[in-house]
Q: 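Can you read through this structure? Questions will come right after.
Keep in mind that what you see is a predicted model, and the values were worked out from it rather than measured. Letters go in sequence order (proteins before strands), and every chain restarts at 1.
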Amino acid sequence: MKVVECKNLTKQYGRVKAVNDLTFTLAENKITGLVGRNGAGKTTLLKMIAGYLHHNSGNIQVFSENPFNNLKVSANTIFIDNSMSFSPALTLGQLLETAGEFYVNWDKNLANRLFKYFSLNPDQSHVNLSKGNKSTFNMIIGLAAHCPLTIFDEPTSGMDAGTRKDFYRALLKDYIAHPRTIILSSHLLEEIEDILEDILLIKNGEKLLHISVAELKEYAIGITGKTDRINQWLSNRERIFTHEIGNDDSYVVIKNECSSSELEEAREIGMRISQVSTEDICMHLTSKSKGGIDHVFSRG
Amino acid sequence: MWYVGGDVRLILNSDSMKPIYVQIAEWLETEILIQAIQCDEKIYSQYQLAEMFNINPATAAKGINILAEENVLYKKRGLGMFVATDARHIILNKRKNTKLRAMVNELAKEAVQLQVNEEELVEMIRGMHQKLKGDQK
Amino acid sequence: MTALFFVLPILVIIVLVVGISTYASKSSEKRHSSPQKKKWIVGGYVTVIVVATVLSYTFFPAKKIDSTIMHREEVKKQEDAEIAIINSGMAGKLLEVERVFTDKKTWTFSYNKRDLLIPNNDMQEYSPNVFVISKPVDDNSVEVTHYMSKMIVGGIDFTEEKGSPEILINEETLKIYAPEPVEVTFNKFTEGFAFNQFSESKDMYSLNNLSTHGSEFLLIKVPKSVKVSGAFNYVK
Amino acid sequence: MSLVEVNSWDIVKKQYRYKLKSYLGVFSSLIIIQVLAIFFSLNGTGMSGGSSGTFSYKVNYYSGDLILVFMMLWGFITAIIITTKAYRYDDTSFVTNRLTSHFSNILFLISASLFAGLTVFLSSHLFRLITNIMNVDSIMVNEHTPLQIAKGIIGAGLYIFLFTSIGYLVGMLIQKNKLFSFFLPIVLVGAMYLDGMNNDVLIFHSISLYFLSETLLSLLIIKIMSVSLLFYGFAIILSARMEVRA
């Protein structure tokens, strides 16, 4: 069953297209990472999936229904971000109870144990929490709700390193125990890539890649060597990223489509082949220009 | 980088050139080689591996599948994956042919660059080999 | 009610402005005071007003309004009857007083003189009519009775509160002293228009018409042989 | 994966319970406004007096009218505040859609209005107690029977509820377009000015009289409920395409 299905989905704010002609489907019980730079349209997309925003054109279906203002989607989806707001009149303990009333699959035991583990105070009010603790509390709600579609939008902002690791570990363990569809958006791909199955990379509201993380790891290779030789060897290949080292050396990232004999040949003429981390692949793919920040300065 | 599960901590290295699922497959091979897992014994499930190494279960499944394709593992319907009787043999052959050969290739290249002659290189290998064997006793 | 019509529009405008400006400030940032404290405040306030209501009813019970004096016509009828009785008294005959007047106080003096003087009462603020009846026998006693009709202000019966004069007989003179001045302050209270809407008693200003200050007179009964002189009317 | 089937009415009930617990600020603002109203009422709404001979009297008029009027305005403001982002966002943290959110808001405002109606009665007696302590020789007129009191409390609650419906619509208009917060007061003041041009507030008067002259509680309930549900319905239609957390 398809949990989320988007066809030519577009969302405009005035003239700006925050989400542009996006087509993809998310299958059941997968953890998908939504990756993109600031302003790529990640949050807008997630809010449309959660039913908070309506789209301008195209089609979006969650659990085969239009999510906007849909009670069934709302009951089966939880959207966790750092601007979640709760009534200041209720304590954290009462909020957990309330969440338990609303979400049928609520795992009270898990919620209470996580709450204790992160040493939150049940008598405190949500507004008075630090940014990190707010994120931690929201995350507990997101995990314990056990919603068939669980969305985390930048869930770890403000958390310290230890809490982040604990969170991802908790997410994975709970996912293994209760498989469900999870969408995780983050700037820090490196941190989450191991627990992801698929990755959806967007830039300016458009889809760049939607592949498994394993495929992404082998998506590109880096080549280092003398600039003129590289240029010659790469003559008609598309470059993802180019970086000049010194006067006549270059580091170029290309798509990993070369056969092993071609690579062997490259090695023979003195070029070094290296793997490119997923983080770097995403960074290069989403960068504003092929040369990265250096281009700004080289022209100055 | 790895923060989980005691002994396995240093075995997986996410910075390595190798994809995680290949590392998982190699780790399982090593477990079989050192007979931590016996022949015809059930191997870890993808979920156990996912938890042990903090990775997505799909990635872990991919590692298991590599071994299944190489006939190191076989599937019992409804029960899971089991270690094949000749698993060790398959693994040893593969390692000799691929891993060891590649390492020897690197070694020879480095020796040539450093102008180490053949006898010297063989002597170094022999010495190290004897030392390790001795340690094992 | 009419006062409400003048105040309401002004209040609505004020509150619109205030409301909209508070809305603007409240919607962006949430309040930070502790919920526990607020609960105590709300609970405490409710307790205070409940206790106050109980005290209000027990210590200051409502003054009942007599249903017979609730209507303007009744008041008018009574005033007419009062005038009729007093006029007939002046004309020399006394009607049955009981229906309208009640005897508030009676004095009895033993008296064996032949003459009795009732001097002209020149007190500005107190000059009741005085009627004299000669008793059929000589029993050596003078009886003075103070009659009063109902006194109603704003629908409330104050007959009880109004005092009687002092009567003294000295030698051959009967003196009337004004009663102690009485001053009553009272609050008219209603819970508000929503509460009067469903009951008979409309609003508190409409009861203002229901006022009658009543009248009073002194009836003096003297023995047959006593000759009375002064400011009074003989009645038979 | 098995999806949870939900029933709208069930969610409305849950949201209503959540709102009763969490909209505590609404009740503390009620207290502030009520205390303010008592304070303003202490001067009394009128005074009269007179004397006849040796008897003189003075009457002070005190009524709970102002307390009720203030509560109606409180209802108006409260409804506006409930339509603001902060409160709507609180809803979206749990299961909701626009309709259940509106219905639970209306249920909450009905309860809050009735509670406010009760406090109008109680606080007017607090007010009476204060005036009685200030003037020792005091008398209360108009004692109502318990049934009349109950009717009065419901009536007061209804008037307050009527104002919440106006506030809710106004709030929703403002949420739609901020210009309304500027525009609506002007229209209202303008309308009142025009209404009062010939020195009589004819329209305003007849609207008030439509409700105030009703002596049957059942008819007043019908009158107020139909008018306020009309306003609420309007607000609900207005918000149908509104986005949350945009």
Q: With a 4.5 angstrom heavy-atom cut-off, could you sort out which part of L172(A) is near chain B: side chain, backbone, both or neither?
A: side chain

Q: Does anything in residues 57-68 of chain B reach chain A? List residues with heavy atoms under 4.5 Å apart, or say none.
A: P57(B), A58(B), T59(B), K62(B)

Q: Going by side-chain hydrogen bond (donor to acceptor under 3.5 Å, both in side chains), name the pairs with one or both residues in residues 74-84 of chain B, residues two or more places apart or in two chains.
A: D40(B)-Y74(B)

Q: I need the D86(B) CG to I91(B) CD1 distance, nearest 0.5 Å.
A: 9.5 Å

Q: Strictly by modelled atom types, are E154(A) and S157(A) linked by a side-chain donor-acceptor pair under 3.5 Å?
A: no

Q: Is chain A contacted by the side chain of Y47(B), its backbone, both, or neither, given a heavy-atom distance below 4.5 Å?
A: both

Q: Could E51(B) and K173(A) be called an ion pair, given the rule that one side-chain N must be under 4.0 Å from one carboxylate O?
A: yes

Q: Can you see which heavy atom on L46(A) is nearest to which on I151(A), and at what distance?
A: CD2-CG2, 3.7 Å

Q: With a 4.0 Å cut-off, would you call K94(B) and E70(B) a salt bridge?
A: yes

Q: Is the distance between the ring centroids of F152(A) and F167(A) under 6.0 Å?
A: yes

